[in-house]
Amino acid sequence: MYAIVKTGGKQYKVAVGDVVEVEKLEGAPGTELNLAAVLVVDGTDVTTDVDALAKVSVTGKVVEQTKGPKIRIHKFKNKTGYHKRQGHRQKLTRVEVTGITK
């Protein structure tokens with residue numbers, strides 16, 4: 001059984017026991033949380049109905065708060081001497097999926 005969950009404007013395919021990195025969610029390590037299911041697949045049975053998905057719960061546990069890789073941004077305009085260097089590290093949360101119940 002697996003589910004497609006939506007968090008942080010992105011969708012992730014998860015199964016019980018998977019550890020996924022999602023955009024930062026509030027909570028200390030060990031905190032339980034619920035993720036919104038978009039689709040649930042149980043063998044050949046596919047659930048996409050909104051009313052049925054309201055009853056589905058995908059639970060997870062926060063493993064750690066972390067940061068993504070450093071992204072270097074360099075802007076340049078020719079013949080003007082304009083250079084701008086900037087960096088960014090996205091804050092992420094590692095979540096372990098503990099259960100999918102219908």
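Please read these numbers as outputs of a predicted model, since none were measured by experiment.
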Report yes if some heavy atom in the side chain of Y12 is under 4.5 Å from a heavy atom in the side chain of T7; otherwise report no.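 Y12 vs T7: side chains touch.
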With side chains defined as the heavy atoms from C-beta onward, is the minimum distance between V40 and L53 less than 4.5 Å?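 Answer yes - side chains close enough.
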Is it the case that one hydrophobic cluster holds both [X] and [Y], taking links as side-chain heavy atoms less than 4.5 Å apart, direct or via other members?
X   : Y   : result
V38 : M1  : no
L33 : V14 : yes
V58 : V16 : yes
V5  : V20 : yes

Return all side-chain donor-acceptor pairs below 3.5 angstrom for residues 80-87, not counting sequence neighbours, or 'none' if the list is empty.
| unit_1 | atom_1 | unit_2 | atom_2 | d |
| --- | --- | --- | --- | --- |
| T80 | OG1 | K77 | O | 3.2 |
| T80 | OG1 | Y82 | N | 3.4 |
| H83 | ND1 | H74 | NE2 | 3.2 |

What pair of heavy atoms forms the shortest contact from [X] to [Y], and how long is it?
X   : Y   : value
V56 : A37 : CG1-CB, 4.1 Å
T66 : E21 : CG2-OE2, 4.2 Å
R89 : K70 : CG-CA, 3.7 Å

What pairs of donor and acceptor atoms, side-chain ones from residues 90-102 against any protein atom, are under 3.5 angstrom apart with sequence neighbours left out?
| unit_1 | atom_1 | unit_2 | atom_2 | d |
| --- | --- | --- | --- | --- |
| Q90 | OE1 | H88 | NE2 | 3.2 |
| T93 | OG1 | L25 | N | 2.9 |
| T93 | OG1 | Q65 | OE1 | 2.7 |
| R94 | NH1 | E64 | OE2 | 3.4 |
| T98 | OG1 | T59 | O | 3.3 |
| T98 | OG1 | T59 | OG1 | 3.1 |
| T101 | OG1 | S57 | OG | 2.6 |
| K102 | NZ | D45 | OD2 | 2.7 |

Can you list everything that forms a salt bridge (Lys or Arg N to Asp or Glu O under 4.0 Å) with E32? Sequence neighbours excluded, please.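 For E32, no residue satisfies salt bridge (Lys or Arg N to Asp or Glu O under 4.0 Å) once neighbours in sequence are set aside.
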What distance do K6 atom NZ and L39 atom CG have between them, rounded to the nearest 0.5 Å?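 Here the rounded value is 13.5 Å.
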